[in-house]
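Note sheet for the following structure.
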There are 2 protein chains.
Amino acid sequence: MAKISDIAKQAGVSTATVSHVLNNTRYVSQELRARVEQAARELGYRPNLVARSLRLKRTRTLGFIVSDIRSPFYSEVARAVEDQASSFGYNVIVCNSDENYTRELAYIETLISKRIDGLILAPTLGEHGFLKEVAKFWFPVLLINRRLDGSGLPCISTDNRTGAYEAITHLIRAGHRRIGAIGGLAALSTTADRLEGYQVALREAGLPIREDLIWLGRPTVEEGQRASEKLLSLESPPTALFAFSTMLTLGVLAALKSRNLRCPEDVAFVGFSDTLWCPFTDPPLTTVAQPAREVGLKACTLLLDVLHGKPLPDETYLIPPTLIHRRSCGCP
Amino acid sequence: MAKISDIAKQAGVSTATVSHVLNNTRYVSQELRARVEQAARELGYRPNLVARSLRLKRTRTLGFIVSDIRSPFYSEVARAVEDQASSFGYNVIVCNSDENYTRELAYIETLISKRIDGLILAPTLGEHGFLKEVAKFWFPVLLINRRLDGSGLPCISTDNRTGAYEAITHLIRAGHRRIGAIGGLAALSTTADRLEGYQVALREAGLPIREDLIWLGRPTVEEGQRASEKLLSLESPPTALFAFSTMLTLGVLAALKSRNLRCPEDVAFVGFSDTLWCPFTDPPLTTVAQPAREVGLKACTLLLDVLHGKPLPDETYLIPPTLIHRRSCGCP
DNA sequence: TTGAAAGCGCTAACAC
DNA sequence: GTGTTAGCGCTTTCAA
């Protein structure tokens with residue numbers, strides 16, 4: 001664990017000179033430069049970034065808090081964030097909030113204490129007023145996926161409204177008039193936006209918005225299955241279903257299977273979030289593909305911009321998703 | 001950004017007292033304790049863990065390097081590691097090596113400089129002799145998933161040999177005598193172990209090991225598809241296929257689909273790594289489910305044990321996988 | 001062109 | 001019971 005003063009001694013120069021050689025931060029003669037470099041090599045020197053961080057008041061470390069890194073969407077975002085961050089010399093600490101407000105808060109406290117340079121956050125439900133303080137006092141905060149209206153915090157997100165609108169419009173064009181919607185927690189902006197897209201599409205087509213065709217709740221496979229069963233048991237059941245997330249999609253598939261319903265012949269289906277598996281399910285799934293990589297890249301790029309002096313934007317950036325046509329929607 | 005000396009001033013005590021109150025590290029009278037706590041609250045004090053780390057020579061931060069966090073296996077491992085780490089007050093920096101030795105090396109350098117307390121690593125291919133030095137000089141290193149034979153580094157891994165053995169034995173019992181194997185890079189211990197399990201199962205059943213039924217290569221969907229096409233084009237093609245990874249499994253499915261082969265009627269199939277989607281593919285997939293969570297938990301637990309003073313084991317821990325029976329293997 | 005030394009915020013040995 | 005202070009390893013101002 002050689003330190004700068006060890007190198008200085010061995011090379012017969014001052015610590016200032018060593019530091020300047022190592023960081024290329026002021027002119028040093030060839031002679032001394034060579035001696036310093038050799039000494040550093042001989043001693044197996046590795047700069048201590050902890051000391052450097054203390055001195056410079058920046059850690060080149062970012063925080064990344066999402067509900068669960070196992071989600072295909074968030075792991076893709078995480079990958080993009082890490083790619084971008086590492087290419088600029090930053091590392092990222094990954095945290096799983098599990099949709100738990102208290103856990104999220106605890107992570108934020110820790111990250112403050114660790115003096116991260118910036119935070120990318122998919123907030124849980126709950127009062128997030130304190131984030132304004134965090135952003136003002138500690139480090140820039142960039143939201144992903146979920147807006148926090150009125151917080152003034154910038155957010156990078158899929159254009160959920162448009163995504164849902166296009167999915168539903170597609171089903172309507174194929175002749176469906178009763179389309180069930182199975183969504184996540186109503187209080188999340190993602191759910192609200194997708195629901196809005198669903199409603200606008202119906203309205204524009206002159207179709208009624210039937211509350212009994214809409215189910216919102218916890219986005220798990222089991223709940224999705226239960227929700228599907230419920231909608232499909234209505235006296236005039238939907239001829240098509242639209243699920244807002246991967247877990248709910250799996251729930252729908254389970255329900256169709258357990259009822260021996262053929263898709264798309266008996267019930268058409270469109271999901272939200274494309275994955276590698278979607279082409280291989282029975283039937284291949286039509287989905288709204290979320291631009292996860294773009295969201296991560298944009299969020300991290302903006303964050304790094306701010307760290308390099310640009311002003312924090314207060315806008316929401318919506319990135320358009322893509323409707324991927326496969327068999328489950330029943331179109332040619 | 002109040003610091004300890006600010007609190008000391010405000011509370012009219014020494015910095016030592018403040019530190020001891022904050023860390024509960026020596027007796028302080030109720031009186032002073034209360035004054036310190038109030039001052040800390042009033043000033044919105046957050047301990048500076050960078051300074052603390054410099055002083056204590058530990059950061060309560062772990063490194064986690066895998067090829068790609070998007071992989072269902074690694075993201076599950078990451079989640080388990082993070083759960084365990086955070087419950088002990090540690091954070092984890094996640095890095096994606098992309099199977100690139102140079103990238104992996106660069107990350108390790110950075111993590112050394114950041115003075116992480118320990119590293120969990122799924123090594124890429126390449127000479128890893130330097131890891132012994134790292135482990136000796138800087139921090140404990142725990143391998144996951146891939147052994148580095150002769151390195152003396154402990155490894156937590158799926159019992160790949162047994163997993164493959166059981167899958168193949170299952171197919172043999174169902175009457176298959178020509179079973180194709182589609183695996184990843186030959187130099188990886190995971191590939192070698194799974195191949196060994198495949199071979200041992202055949203040998204025990206008195207079946208020949210035909211080299212033309214074995215394909216090893218880059219584990220991508222495209223390569224998996226190409227490999228399947230090749231095996232299925234043999235004059236006496238395999239009646240069952242065994243794929244070593246998720247990507248290769250998707251490739252097999254693509255090949256079966258493009259050739260209009262029914263599974264399991266025309267070709268039976270077993271994959272490695274279970275995912276949420278496996279019950280919903282066409283047909284539902286029989287797979288060897290990897291104990292990803294257990295691997296992550298065990299790795300992190302061992303690492304934390306070492307950090308708390310226990311000696312680093314030099315063993316390899318193999319965690320048994322589970323064969324999950326679904327339709328694709330063609331058994332009742 | 002280079003060096004001496006202060007100071008980033010914290011802990012803890014030592015002194016009282 | 002509490003306080004003084006050195007020092008963790010680095011950067012950078014100031015001086016020469």
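So you know, we letter chains A, B, ... as the sequences are listed, proteins then strands, and number each from 1.
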Q: Using a 4.0 Å heavy-atom cut-off across all strands, classify A:Ser19 as base, sugar-phosphate, or nothing.
A: base

Q) Touch check for A:Thr15, heavy atoms < 4.0 angstrom, all strands: base, sugar-phosphate only, or nothing? A) base

Length of the [atom1]-[atom2] vector between [X] and [N], whole Å:
X        : N      : atom1 : atom2 : answer
B:Met1   : C:dG9  : CE    : P     : 6 Å
A:Asn23  : D:dT12 : CG    : P     : 8 Å
B:Asn24  : C:dA12 : CG    : P     : 13 Å
A:Arg60  : D:dT11 : CZ    : P     : 12 Å
A:Lys3   : D:dC10 : NZ    : P     : 8 Å
B:Lys114 : D:dC8  : NZ    : C1'   : 19 Å
B:Ile4   : C:dA12 : CD1   : C1'   : 12 Å
B:Ile7   : C:dT11 : CD1   : C1'   : 14 Å

Q. Between residues 29-38 of chain B and DNA chain D, which residues have a heavy-atom gap below 4.0 Å?
A. B:Ser29, B:Leu32

Q: Could you check which residues of residues 44-55 of chain B get a heavy atom under 4.0 Å from DNA chain D? Sort them by number, please.
A: B:Leu54, B:Arg55

(Q) Less than 4.0 angstrom between a side-chain N/O of A:Lys57 and OP1 or OP2 of D:dT11, yes or no? (A) no

Between the protein and nucleotides 13-16 of chain C, which nitrogen or oxygen pairs come in under 3.5 angstrom?
none

Any donor-acceptor N or O pair under 3.5 Å, side chains [X], [Y]:
X       : Y        : result
A:Arg52 : A:Asn23  : yes
B:Thr59 : A:Lys114 : no
B:Glu99 : B:Thr124 : no

Q: Locate the shortest heavy-atom distance separating A:Tyr74 from A:Phe64; write the atom from each residue and the value.
A: O-CZ, 4.1 Å

Q: Using a strict 4.0 Å threshold on nitrogen-to-oxygen distance, state whether A:Arg103 and A:Glu109 make a salt bridge.
A: no

Q. Can A:Arg79 and B:Asp68 be counted as an ion pair, charged N to O under 4.0 angstrom?
A. yes

Q. Between B:Thr17 and A:Val13, which is nearer to the 5' end of DNA chain C once each is assigned its nearest nucleotide?
A. A:Val13

Q.
Determine whether the aromatic ring centres of residues B:His20 and B:Tyr27 are separated by less than 6.0 angstrom.
A. no

Q | Full working for side-chain contact (heavy atoms from CB on, under 4.5 Å) between B:Ile69 and A:Glu76 | A | CA-CA 8 Å; B:Ile69 189 68; A:Glu76 177 94 44; over 6 Å; no

Q) When rounded to the nearest 0.5 angstrom, what is the spacing between CD in A:Gln84 and SG in A:Cys300? A) 5.5 Å

Q. Step by step, would you call A:Thr17 with A:Ser14 a side chain to side chain donor-acceptor pair (under 3.5 Å)?
A. CA-CA 5 Å; A:Thr17 297; A:Ser14 72; 3.3 Å; yes

Q.
What verdict does the side chain to side chain donor-acceptor pair (under 3.5 Å) test give for B:Thr15 and B:Lys3, after you've listed the backbone C-alpha separation in whole Å, the side-chain angles of each residue and the deciding distance to 0.1 Å?
A. CA-CA 10 Å; B:Thr15 60; B:Lys3 51 196 158 188; over 6 Å; no

Q: Please work out whether the ring planes of B:Tyr90 and B:His308 are parallel, tilted or perpendicular, with thresholds of 30° and 60°.
A: tilted

Q) Taking the side chain of B:Ser14 as heavy atoms from C-beta outward, which of C:dG9, D:dT4, D:dT12 is closest to it? A) D:dT4

